[in-house]
Each structure stands twice: as C-alpha cells, then as structure tokens.
Amino acid sequence: SSNKSSLKALFMLALNLSKKLNKWKFVVREHPEFNIQNLFNHQISLKNKNLIIEKAHEKSIHDSLSESKITVGIWSSSLLESLYYHAIPCVLRFNNSFKYYPDFKKEGIGFVENNIKKMESQIIKLIKNKKFFNNFNHKINLKNKILFSKKNGTYSKNKILNFLNELGQN
C-alpha cells in the first residue's frame, strides 16, 4: 500500500540520517498499524546506535514531540503539534494536491518536499548550519505567538480542527 511505502521511505530517511549525523538521536515512532520489522523483509540491517524505534504504547506522542528538535512526517496533526513544542516540521508531501494549514514552507517555519533526497539534504543543512536552524526557530517563535496565543488560540485551534476534520472526510 502507499501507506506502507511512505512509512518505509520515512524509516530509510531516518536510518540514512542517523548514519551521517552520529551526534544526533533519531527516533522513528511506529505507526499503530505497522510494525517496523514487518515493513522490511529483513534484507537490511535496521540497526544503528543513534536510531531508536519508539512504540506508540511506550510513550505518548506529546512526550515524544516535546523532546524533538525536528519532526518529519507525511502529514499529520502531530507535525502541527510539534510546532507548539518549537520543533521544526518537515512534511514529505507525496501527494501534490494535498493542502494543509498553516503552509510551513510559505511561512518559512518548516519544509515541504516531495522527494526524500531533497528532504535529507534540507535536514542535514538544518543540523549542520546553526544560523539556518536558529532562523527557523526564530520564525517559529513569532508564528507560535499568533497561532497559539490566547486571543487567537481558539480561532486557530478551531481552524486547525476544522481542517483536520475535513482531512478525515477525504
């Protein structure tokens, strides 16, 4: 299924990054429906010392996100939630007609790529270039004041929830 191939691609991205950036810890959260081991026919080594596979039942998504600096996903509400914790969201958008709010790329608060290799090089750049990284964090801080402010919070929350509800209906 496309879900399965997307998850495989995400895992390979994390594995490749973990091999190139050994001072960073990469966490792959298992999708409740898919066991990582079952995605592969054991023909590759899925092990690397700084790559952690996290089971959904072992740790809450909130705890996981609050410890993250960069989050990568196909698209899910958790990427939006990661903004709240000041992590930089990276969307792998394999479906170009896909719309979401806010547009991380347009707002300059995250990445949207439809290609794994491009995403990998963006993440490497983020990690290796402190100034580039800090610039994203600065923009996220400004955006979060608007997105999650008391005054605007209810509006944004509702806009986001409506958006997610529409997603659920697609």
Side-chain angles (χ1 to χ4, degrees), residues 1-106 109-129 132-133 136 140 160 163-170:
S1 78
S2 65
N3 231 354
K4 201 170 175 178
S5 63
S6 299
L7 287 168
K8 261 178 144 164
L10 270 176
F11 182 83
M12 291 312 296
L13 173 66
L15 186 63
N16 292 339
L17 286 168
S18 74
K19 288 175 178 173
K20 291 176 183 176
L21 301 155
N22 53 14
K23 288 189 174 77
W24 275 62
K25 187 171 81 173
F26 294 87
V27 177
V28 176
R29 233 181 119 77
E30 265 189 357
H31 193 282
E33 293 168 45
F34 298 101
N35 180 311
I36 298 278
Q37 291 300 126
N38 299 344
L39 289 176
F40 298 93
N41 306 327
H42 303 286
Q43 73 276 52
I44 57 160
S45 167
L46 304 176
K47 302 255 181 288
N48 202 29
K49 63 181 183 335
N50 56 333
L51 180 71
I52 292 140
I53 295 173
E54 200 174 84
K55 306 243 178 239
H57 65 268
E58 290 171 352
K59 189 176 209 173
S60 84
I61 185 102
H62 312 290
D63 289 344
S64 203
L65 292 172
S66 67
E67 294 166 10
S68 302
K69 300 261 180 266
I70 299 168
T71 53
V72 185
I74 309 300
W75 164 256
S76 71
S77 53
S78 50
L79 286 176
L80 189 59
E81 193 180 337
S82 71
L83 259 187
Y84 180 80
Y85 295 110
H86 303 273
I88 300 168
C90 302
V91 182
L92 276 162
R93 190 170 143 193
F94 296 128
N95 172 357
N96 278 327
S97 60
F98 201 79
K99 297 271 183 286
Y100 55 88
Y101 168 87
D103 186 326
F104 300 140
K105 193 174 198 165
K106 205 166 78 185
I109 53 176
F111 292 110
V112 181
E113 298 293 349
N114 53 9
N115 172 306
I116 287 274
K117 276 274 158 252
K118 270 193 201 152
M119 186 62 88
E120 188 177 309
S121 63
Q122 293 282 34
I123 291 170
I124 289 170
K125 184 180 171 188
L126 257 184
I127 288 173
K128 290 192 167 175
N129 184 336
F132 189 54
F133 191 91
F136 270 92
I140 285 172
I160 290 161
F163 178 76
L164 294 173
N165 288 336
E166 282 167 32
L167 273 189
Q169 286 153 18
N170 285 353

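Using the six-membered ring where Trp is involved, F133 and W24 have ring planes that are perpendicular, over 60° apart on the 30 and 60° scheme.
Taken from CG in L21 to CG in N16, the straight-line distance is 10.5 Å, to the nearest 0.5 Å. With rounding to the nearest 0.5 angstrom, the NZ atom of K128 is 13.5 Å from the CD1 atom of I123. In this structure, I53 CD1 and R29 CZ are separated by 13.0 Å, a value rounded to the nearest 0.5 Å. To the nearest 0.5 Å, atoms OG (S121) and CG (L17) are separated by 10.0 Å. How far NZ of K69 is from NZ of K25: 10.5 Å, rounded to the nearest 0.5 Å. A distance of 10.0 Å separates CG of L79 from CD of E81, quoted to the nearest 0.5 Å.
Considering every non-hydrogen atom in both S78 and L65, the closest pair reads O-CD1, 3.6 Å. Residues I70 and L126 come closest through the heavy atom pair CD1-CD1, 3.8 Å. Residues A14 and V28 approach most closely at CB-CG2, 3.5 Å, considering heavy atoms. Looking at every heavy atom in both residues, S6 comes nearest to I74 through CB-CD1, 3.6 Å. Heavy atoms only, all atoms of each residue included: V91 and M119 are closest at O-CE, 3.2 Å.
In this structure, N48 contributes its side chain and L51 its backbone to no donor-acceptor pair below 3.5 Å. With D103 contributing its side chain and K105 its backbone, the two residues share a donor-acceptor pair below 3.5 Å.
Annotation: F132, atom CZ; neighbour count of heavy atoms from other residues, nucleotides and ligands within 6.0 Å is above 12.
Using a 4.0 Å cut-off between a side-chain N of Lys or Arg and a carboxylate O of Asp or Glu, K59 and E67 qualify as a salt bridge.
Here the two rings, on F136 and F104, have centers that are 6.0 Å apart or farther.
Considering S82, P89, C90 in turn, C90 is the only one that fulfils the side chain to side chain contact (heavy atoms under 4.5 Å, CB included) rule with V72.
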- prompt: Can you check side-chain contact (heavy atoms from CB on, under 4.5 Å) on K20 and I124, steps first, answer last?
  reply: CA-CA 8 Å; K20 291 176 183 176; I124 289 170; 3.9 Å; yes
- request: With side-chain contact (heavy atoms from CB on, under 4.5 Å) as the test, would you mind laying out the steps for V112 and K106 before giving the verdict?
  value: CA-CA 9 Å; V112 181; K106 205 166 78 185; over 6 Å; no
